[in-house]
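As structure tokens, the structure follows; a few thoughts come after it.
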Number of protein chains: 2
Amino acid sequence: MAYTIQQLAALAGVSTRTLRYYDTIGLLPAQRNSTNDYREYTTVQVDRLQRILFLRLFGVPLATIQKILDAPLATQQAALLDQRQRILAERDRLDHLLTTLDKTLKRGGNHMSDTEKFAAFKEKQIKENDVQFGSEIREKYGEEKVSAANKQYAGLSEADYNAMQDTESKMLTLLKAVIQSGQIDSPEAQQVFSLHKAWLQFTWPTYSTEAHKGLAQMYTADPRFGQYYAAKTGSDKAASVLAAIIEKYAV
Amino acid sequence: MAYTIQQLAALAGVSTRTLRYYDTIGLLPAQRNSTNDYREYTTVQVDRLQRILFLRLFGVPLATIQKILDAPLATQQAALLDQRQRILAERDRLDHLLTTLDKTLKRGGNHMSDTEKFAAFKEKQIKENDVQFGSEIREKYGEEKVSAANKQYAGLSEADYNAMQDTESKMLTLLKAVIQSGQIDSPEAQQVFSLHKAWLQFTWPTYSTEAHKGLAQMYTADPRFGQYYAAKTGSDKAASVLAAIIEKYAV
DNA sequence: TCTTGACCTTGCCGTAACGGCAACCCGTAG
DNA sequence: CTACGGGTTGCCGTTACGGCAAGGTCAAGA
């Protein structure tokens, strides 16, 4: 079944103006009724809109969201996992803001140090990441002026985007070798891990082994990843080998 | 001590550009160093900036924030209490979004109903308020198109602003009568409560007796409110009487 | 004293993500 | 045919800054 623009707007809690805008910029392309040329939206568009709403939660620019949603599924999933991390972090931040606000509202006014007054607001800032590749990215774009959400993707130049593709390509080549040798206790396997991690860090503001392992579990559980990595390496063991590598080295 | 613009920007996690802009529009006026005409910010401005950051959390327009911060303390406090409610609500919404996202990420993709896919995103929408005065406001501005935060204050026309002042004025007149009679079990006291509640609803998207009582406690605990209401009614019992009225009728 | 670098100023232009509106078309009911 | 609710495109405007150019200030070092 298909929704009209009004129906989808009401369903999703956005304006029709927004949906038209998203269609115009190619972010959420609509199909057209052949009789009257009205926009129509199917389940594919519904699901894409949901992803858009998740990705725009913390200010990711729309152009970036489009890039993500036009990328392979693994990239999309990584980006959504990233959003998951941010939701968790934002929830903690709101707790902290609540504490701060209660102190401000307290009798007699504000007795906090000036630093403490703003600590919760600043938690949005980038957290340090000590991996070399990650540090390079941050050094390039700076810390003080960079909002994590905005610069994450929009800051990726063409060269960086190519570097990201290159990283994945190298990782896949080595993954093939590991599949053939069957040795996940090897320098090649370790390098697969490092490259996969670096690949993730093009899109993740902070890295956590927990999230990395979460992604690995997704690789084994979701057949779409099995198919993606099988197509890339020529082996239907690719996703499970990659997941095993992540499980082993993400410590 | 005074901060330079760089120091305050770093302290608060905002850009110097933002601080200049806020000074230019009168939202956060800076003092000036007499030697070099550089901007200087004292504790008063620090605290005002903190309030600005709280109020802008969910998209309150800056012009509105300025209106709030230039209003009497009771209005400011009510607005900050309102933000407190929103932080609580937003935290719940993030929990809900997390659940939704986990379902989306789950193996095999998205098995939710279309309605469920967007339920958490739509929680930002206005919740029904069944008080007559509140309904009037909502009917005037519509529901589907109205973002709660944006229309809360910016939607107040000159006439509405005057109505708000008028409401407080009437409430204060009746409060004086109750102070003199000493009867909080009376129609006049009940009307004080109703008018105070209506006054709050100019600025609160949703009303809760809990929040109203929280404000009442603030009225008795914080000497600034004692002074404000004493000045308005000529009696230093005003704040405690008002608080007692709220305690009695906010059920 | 001069130079340099960090900090500051104002003024101006531009941007992202829409909101709003005008002019017009479509389909259905009265 | 008219009216109303739904839809279209095109255009202008808004808000909250980001960015940059041109110029001033101050302190340290040569």
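Here is the naming used below: chain letters follow the sequence lines, and residue numbers restart at 1 for every chain. We use all heavy atoms of the structure for the numbers below, so side chains are in, but hydrogens, waters and symmetry mates are not. On a predicted model such as this, the values are computed, not experimentally measured, just so you know.
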message: Can you see if the side chain of A:Q6 gets near the phosphate of D:dG7 - specifically, an N or O under 4.0 Å from OP1 or OP2?
response: yes
query: Could you state the CG-C1' distance from A:D23 to D:dT8, rounded to the nearest angstrom?
result: 11 Å
- prompt: Going by heavy atoms in the side chains, are B:L57 and B:F54 under 4.5 Å from each other?
  reply: yes
query: Does any donor atom in the side chain of A:R39 or A:Q31 lie under 3.5 Å from an acceptor atom in the other side chain?
result: no
- prompt: CG of B:L19 versus C1' of C:dT10: gap in Å, rounded?
  reply: 16 Å
message: Whole angstroms only, please: what is the OH-P distance between B:Y22 and C:dT9?
response: 17 Å
message: Does C:dC7 have OP1 or OP2 under 4.0 Å away from a side-chain N or O of B:T4?
response: no
query: Could you state the CG-P distance from B:L8 to C:dC7, rounded to the nearest angstrom?
result: 15 Å
- prompt: Donor-acceptor pair, B:R93 side chain versus B:F121 backbone, under 3.5 Å?
  reply: yes
- request: Report yes if at least one side-chain N or O of A:T18 is closer than 4.0 Å to OP1 or OP2 of C:dG19; otherwise report no.
  value: yes
query: In whole Å, what is the span from the CD1 atom of A:I52 to the C1' atom of C:dA17?
result: 13 Å
query: Do A:Q45 and A:R48 pass the side-chain hydrogen bond (donor to acceptor under 3.5 Å, both in side chains) test, and can you show the C-alpha distance, the side-chain angles, and the key distance before you say yes or no?
result: CA-CA 5 Å; A:Q45 277 95 29; A:R48 186 170 168 109; over 6 Å; no
- line: Between A:L94 and B:I87, the two heavy atoms sitting closest are O-CG2, 3.6 Å
field: Touch class at under 4.0 angstrom, heavy-atom based, for B:I5 against every strand present
entry: sugar-phosphate
query: Closer than 4.0 Å, any side-chain N/O of B:R20 to the OP1 or OP2 of D:dC20?
result: no
- prompt: To the nearest Å, how far apart are A:L62 CG and C:dC18 C1'?
  reply: 9 Å
message: Tell me which residues in residues 34-45 of chain A lie within less than 4.0 Å of DNA chain C, going by non-hydrogen atoms.
response: A:T35, A:N36, A:Y38
message: Just to verify, what does B:N36 make a side-chain hydrogen bond (donor to acceptor under 3.5 Å, both in side chains) with, not counting sequence neighbours?
response: none
query: Are any of the side-chain nitrogens in B:D23 or B:R20 under 4.0 Å away from the carboxylate oxygens of its partner?
result: no
- request: Could you say whether B:R32 or A:R17 is positioned toward the 5' end of DNA chain C, judged by the nucleotide with the nearest heavy atom to each?
  value: B:R32
- prompt: Quick one: is A:Y21 getting a side-chain N or O under 4.0 Å of the C:dA16 phosphate, OP1 or OP2?
  reply: no
